[in-house]
Amino acid sequence: MTTEKLLNEKPKVINIGIELFYESLVKQGAKVLQVNWKPPASSDEELLDILDRL
Amino acid sequence: MVRILRIEKEHYYDSVTMMKVTSEISAMPGIKQAAVAMGTPLNKKFMVDVGFDEGKLAEATSNDLVIAIEAIDEGSLNAALAKTEELLSSTSHIKQVATFPRTLDSALVEMPDANMVCISVPGQYAKREAIKSLERGLNVFLFSSDVLGSDEVELKRKAEERGLLVMGPDCGTAIINGVALGFGNAVRKGRIGVVSASGTGAQEVTTLVHKMGFGISHVIGTGSNDLSREVGGITTIRGLKLLSSDPGTDVIILIAKSVDPKIADIVLETAGNCGKPIIVNFLGSEHKYRRWGNLTPCSTLEETAVEACKAVSGRKISIERPDLFALARREWGRLSDRQEYVRGLYSGGTLCYEAQKVLLPVFGKVYSNVPIRPQDRLQGMARSRQNTCIDMGTEEFVRGRAHPMIDFTLRKTRIKKEAEDPEVAVILLDVVLGYGANPDPAGELVPVVSATRESLAAEGRDVSFVASIVGTDLDPQNVLEQEKKLTEAGVAVLPSNAQAARFAAMVAKRGNL
């Protein structure tokens, strides 16, 4: 998906974070999916940092 | 006095949800203070500072929900606790839908044709989610702030390499093909495109374009830091190029509040070569740009919207109220000779800045927590001085509560306080509508305006209320209904923020501008 193509289509959104933004997109009739995101536990975060660096 | 401090392990709610619950609980009878928040170091410090048990709070981590309430008696405390539980379970409808995916990758399985990821998780986690999105070929709208400048550059370069767009970090609004992301307004579709580093700046301009009968193709948000020396305008330049090749866009508006002069030159060079009329508003720039080639520089957001509508239609257009002077005379007719100052109480940062820009030449000095000139910085937020404009969306005001576009509590208190000052002539307000904003801002303001007027009347005084509304008739709150409520309460409603600020000065100066 390039950006040029994005301007020719309606946004189809994955929302990670504030639910209010998900609700706004639903109200507008946009295609949207909410991610039930949680912060990683601190030990997980260290592990993810190591994985990111690999 | 009774207190409760409850920690719920591994319960996560987003910041807006928790702030809404906090404000609702705080407003209940018998409640002295309340905080419903994640156990982050900052939130815990705030709770310790107001007297909650430090030892117990040490047990909470950033992944745990903390409920801290202080009340005058057991009955009030129990009622507040029950309400907290009710609100948390009802607002979090997503929690009840067990099928919602927990990661970006599982979301992509359900929505393989997704083309945009909207990220508003806390800053320290935002970069990881944004990188993942880009690596999966998705554009990013990054609302989260508190992302390092070096990380912003990394994300934007990665996006460039892949032909993708990163709008943000700290991006408040965007509109892509009529769909608003973040805090945006419902505006008519049209042929004016916007590239903006300022969220409320873009909201003001797009709603003014709508009010003048024209429409918007796309709004590409860049994030507030894009035109810094470090970031170098990567998204702004990309946005200009995208809109210049977009067949649905005839005229481009370019808005930014803070701009590095060297980056401004680079961006304007791109703008100069893009072959479409560009209306430029570098609000906070000290540079004086002259009209040349396809570039039209503007100083206010109203002028920017007017110039864009002129360029797209070839017609002369104005949005100025024709009865300005008569209306101002009516307003200053209410005032005593001692009342000479303007106090602006703002929810939109760029609107607060623009108001100062309008008021400064009239008064010579305008105090603020975000002053145009460093020497005009307000010492201590609690007291305004002479002419003052306060941005109530800054960190010191939003700590532990939702943004003032959502939560009007602090602004309502401040309105009463400003009106008590016998030297205040005008209380100047912005009212922001749209997706994500308070469902009825006029409903919040009218009771406080009326109560303030009544208590002043008892002392034989009055004050002038002046406002502008950032919104359209298509917004969920409907600008026409909001304007009617405010006007009926005696608020002078002007068509733009710049005009409201000019009008406030006219009232305070009794027409001698």
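Residue numbers begin at 1 in each chain, while the letters A, B, ... track the order of the sequences.
The only member of I14(A), N36(A), I16(A), L33(A) that meets side chain to side chain contact (heavy atoms under 4.5 Å, CB included) when paired with P101(B) is L33(A).
Shortest non-hydrogen contact noted between K10(A) and V179(B) is CD-CG2, 3.9 Å. Minimum interatomic distance between L6(A) and M116(B) (heavy atoms only, all atoms of both residues): CD2-CE, 3.6 Å. The nearest pair of heavy atoms linking L7(A) to H218(B) is O-CE1, 3.3 Å. Among all heavy-atom pairs drawn from I18(A) and S120(B), the shortest one is N-OG, 2.7 Å.
Side-chain atoms of Q28(A) come within 3.5 Å of backbone atoms of A180(B) as a donor-acceptor pair (strictly under, hydrogens ignored). With hydrogens and angles ignored, the 3.5 Å screen pairs no side-chain donor or acceptor of S24(A) with any backbone N or O of Y435(B).
In this structure, E129(B) and V35(A) have side chains that are not in contact, with every pair of non-hydrogen atoms separated by 4.5 Å or more.
Around atom NZ of K31(A), more than 12 heavy atoms belonging to other residues, nucleotides or ligands sit under 6.0 Å away. For R136(B), the CZ atom sits in a packed shell: over 12 heavy atoms of surrounding residues, nucleotides or ligands are nearer than 6.0 Å.
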Evaluate the criterion side-chain contact (heavy atoms from CB on, under 4.5 Å) for residue pair L20(A) and F183(B); output intermediate values, then yes/no. CA-CA 10 Å; L20(A) 186 70; F183(B) 293 99; 4.2 Å; yes
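Per-residue heavy-atom pair counts under 4.5 Å with chain A were compared for T61(B), T103(B), D246(B), and the maximum is reached by T103(B). The candidate from G17(A), P11(A), A30(A) with the greatest count of non-hydrogen atom pairs under 4.5 Å with chain B is P11(A).
Neither the backbone nor the side chain of A126(B) comes within less than 4.5 Å of any heavy atom of chain A. Of the two parts of L108(B), the backbone and the side chain both hold a non-hydrogen atom closer than 4.5 Å to a non-hydrogen atom of chain A. In this structure, chain A has no heavy atom under 4.5 Å from any part of F141(B).
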